[in-house]
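Reviewing the structure listed below.
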Amino acid sequence: MKFNTKTIHGGQENTDPAYGSVMPPIYQTSTYSQDTPGGHKGFEYSRSGNPTRSALENSLASIENGKYGLAFGSGLAAIDAVLKLLKPGDEVVSTNDLYGGTYRLFTSIFKDFGIKFNFIGMQNAEDIEKYITENTKLIWIETPTNPMMNIIDIEAAAKIAKKHGVLLGVDNTFATPYLQQPLDLGADLVMHSATKYLGGHSDVVMGALVVKDKELADKLYFIQNASGAVAGPQDSFLVLRGIKTLHLRVQRHCENGKAVAEFLSSHPKVDKVYWPGLENHPNHEIAKKQMKDFGGMVSFTTKNNSLEEAVSFVEKLKVFTLAESLGGVESLAGHPASMTHASIPKEEREKTGVVDSLIRLSVGVEDEEDLIEDLKQALG
Ligand SMILES: *Cc1c(COP(=O)(O)O)cnc(C)c1O
């Protein structure tokens with residue numbers, strides 16, 4: 001089965017044995033009747049498993065070319081489950097421009113449990129190796145990164161991980177499996193904030209993990225059930241529905257992302273434009289190698305780097321909505337320094353390029369002309 005077919009049918013055989021409904025029903029139930037103790041039909045209690053969630057988990061496994069999918073109550077709950085594979089004394093090597101919430105989870109929670117984190121620049125994937133010690137158990141990457149759109153060579157990172165017997169986890173939220181399939185490039189584990197492109201309609205918060213290895217899947221399933229941050233049936237239904245149009249939406253996100261990146265690049269007030277499809281992007285060649293197209297996330301700065309001007313720009317937007325989050329059909333604009341990345345100290349964030357004038361756009365699937373017109377008037 002090829003990708004577009006998988007988004008619609010992957011893992012969806014016989015999801016409703018009762019009536020053959022085309023979409024799996026929303027099994028809004030906490031428990032399941034048993035004929036005799038232990039005599040159930042595959043489900044006992046909805047933290048441990050729910051048929052609607054299972055349908056989604058099978059779809060997730062299919063679109064990421066994995067074998068096992070797990071759905072969580074949020075993207076951060078999914079990352080939290082991965083970190084629970086570790087023990088005090090273990091080390092993690094991660095990127096220095098992580099999603100702010102992931103950075104907060106690592107440094108404000110897991111650090112106190114005795115896990116050590118190294119945050120490094122990974123534009124040269126070979127640099128990862130320098131930070132690997134005998135205690136390193138996990139390499140955690142995002143590509144493209146948020147919000148600087150840095151690209152990390154997944155295949156090169158996977159080679160280093162294999163050589164040292166370390167797990168490689170990839171947050172694939174920005175790229176989606178339509179553009180990039182990390183498991184095929186050697187990663188052990190793929191994570192999503194399904195809140196973003198997989199759900200695709202800004203109406204649900206959810207997280208996902210996909211793996212190929214049975215032993216790793218069993219450990220994660222144990223954590224999912226034991227810690228209990230599971231996705232509910234209604235949300236599972238919504239994300240499953242979202243996935244069915246993932247390929248169509250992401251194609252348009254990419255087309256509009258390109259138009260917006262090109263418009264901004266030629267605007268006199270704009271300084272830098274960060275979009276991996278631009279030939280002047282430092283890792284454009286790696287992006288071309290591992291991604292099918294370049295996505296709808298575009299960041300930029302203005303020449304005078306003024307905080308007031310950045311704030312006034314986002315306030316003037318009419319088609320773009322000023323909001324946290326990304327990946328929905330509607331275009332959103334964010335100001336990372338005061339919104340998504342406010343939990344990262346100013347010196348830390350400026351080192352990685354999150355300066356006061358940085359604006360991050362999640363370019364939606366509206367008409368390109370309307371989006372450009374809106375940016376033009378707001379840049380004024
Ligand atoms: C949103 C996001 C997360 C966190 O996911 P939630 O669903 O908000 O918990 C993690 N990584 C990236 C790249 C994100 O954009």
Side-chain angles (χ1 to χ4, degrees), residues 56 60 64 69-84 92 94-110 117 119 122 138-152 154 169-177 179-180 182 187 189-210 224 227 229-232 235-236 238-239 242-243 250 253 257 274 276 291 295-299 323-328 332-336 339-344 349 352 354 358 360-364:
L56 169 67
L60 290 165
E64 279 290 3
L70 299 113
F72 293 83
S74 71
L76 285 175
I79 302 174
D80 178 87
V82 175
L83 270 286
K84 285 176 177 159
V92 178
S94 192
T95 49
N96 62 4
D97 61 341
L98 275 183
Y99 174 73
T102 307
Y103 180 85
R104 183 178 54 196
L105 175 67
F106 289 179
T107 57
S108 301
I109 295 189
F110 283 101
F117 295 91
F119 298 100
M122 291 184 174
L138 175 69
I139 300 170
W140 186 260
I141 68 176
E142 271 174 37
T143 178
T145 63
N146 175 30
M148 299 312 298
M149 308 300 145
N150 286 315
I151 300 293
I152 299 167
I154 299 173
V170 179
D171 181 336
N172 205 27
T173 300
F174 271 37
T176 83
L179 297 178
Q180 156 179 299
L189 203 152
V190 174
M191 172 264 157
H192 279 278
S193 169
T195 313
K196 317 295 168 54
Y197 288 102
L198 298 188
H201 296 75
S202 309
D203 51 11
V204 62
V205 171
M206 192 194 283
L209 297 177
V210 181
Q224 183 194 36
S227 283
V230 294
D235 289 351
S236 296
L238 286 173
V239 172
I243 288 172
V250 179
H253 283 295
Y274 302 97
M291 298 171 78
M297 296 301 300
V298 182
S299 296
E324 306 254 5
S325 200
L326 61 110
L332 302 181
H335 182 239
M339 296 167 70
T340 47
H341 289 60
S343 58
I344 303 180
R349 64 173 164 77
T352 60
V354 184
L358 186 79
R360 189 191 77 180
L361 302 175
S362 170
V363 182

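Every number for a ligand or one of its atoms is a count from 1 in the order of the listing. When reading the values below, keep in mind they use all heavy atoms of this one structure, side chains included, and skip hydrogens, waters and symmetry mates. Residue numbers run from 1 in the order of the sequence given.
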Short version for K196: what comes under 4.0 Å of ligand 1, heavy atoms counted, is side chain

Here the atoms of ligand 1 under 4.0 Å from any heavy atom belonging to G75 are 5 (O), 6 (P), 7 (O), 9 (O)

Here the gap from L198 atom CG to T173 atom OG1, rounded to the nearest 0.5 Å, amounts to 7.5 Å

Inset, instruction - Report yes if the side chains of L332 and L326 come closer than 4.5 Å at any heavy-atom pair, otherwise no. - result: no

**Request:** Give yes or no for whether the N/O distance cutoff of 3.5 Å, strictly under, is met between T195 and ligand 1.
**Result:** yes

Taking only non-hydrogen atoms of S74 and a 4.0 Å limit, the atoms of ligand 1 in range are 7 (O), 9 (O)

Per-atom filter on ligand 1: closer than 4.0 angstrom to a heavy atom of L326 are 15 (O)

* Is there side-chain contact between D171 and L98, with heavy atoms separated by less than 4.5 Å? -> no

Counting C-beta onward and ignoring hydrogens, is there a side-chain heavy-atom pair between F72 and D80 closer than 4.5 Å? no

Short version for L76: what comes under 4.0 Å of ligand 1, heavy atoms counted, is both

Practice task
Determine yes or no for a side-chain-to-main-chain donor-acceptor pair under 3.5 angstrom, with S362 supplying the side chain and G327 the backbone.
Solution key: yes

Ranking N172, D171, T173 by closest non-hydrogen atom to atom 11 (N) of ligand 1, top hit is D171

| query | Would you call L98 a ligand 1 contact, heavy-atom distance under 4.0 Å? | reply | no

So the atoms of ligand 1 within less than 4.0 Å of a heavy atom of M206 turn out to be 7 (O)

Which pairs would a plain distance check flag for residues 138-148, meaning a side-chain donor or acceptor within less than 3.5 Å of a matching protein atom at least two apart in sequence or in another chain?
residue	atom	partner	partner atom	Å
E142	OE1	Y99	N	3.4
E142	OE1	N146	N	3.4
E142	OE2	Y99	N	2.8
T143	OG1	I152	N	3.0
T145	OG1	D97	OD2	2.6
T145	OG1	N150	N	3.0
N146	OD1	R360	NH1	2.7

Discussion item. Would you call the rings of Y197 and H253 parallel, tilted or perpendicular, taking 30° and 60° as the class edges?
Written reply: perpendicular

Closest to atom 4 (C) of ligand 1 among protein heavy atoms sits Y99 CE2, 3.4 Å

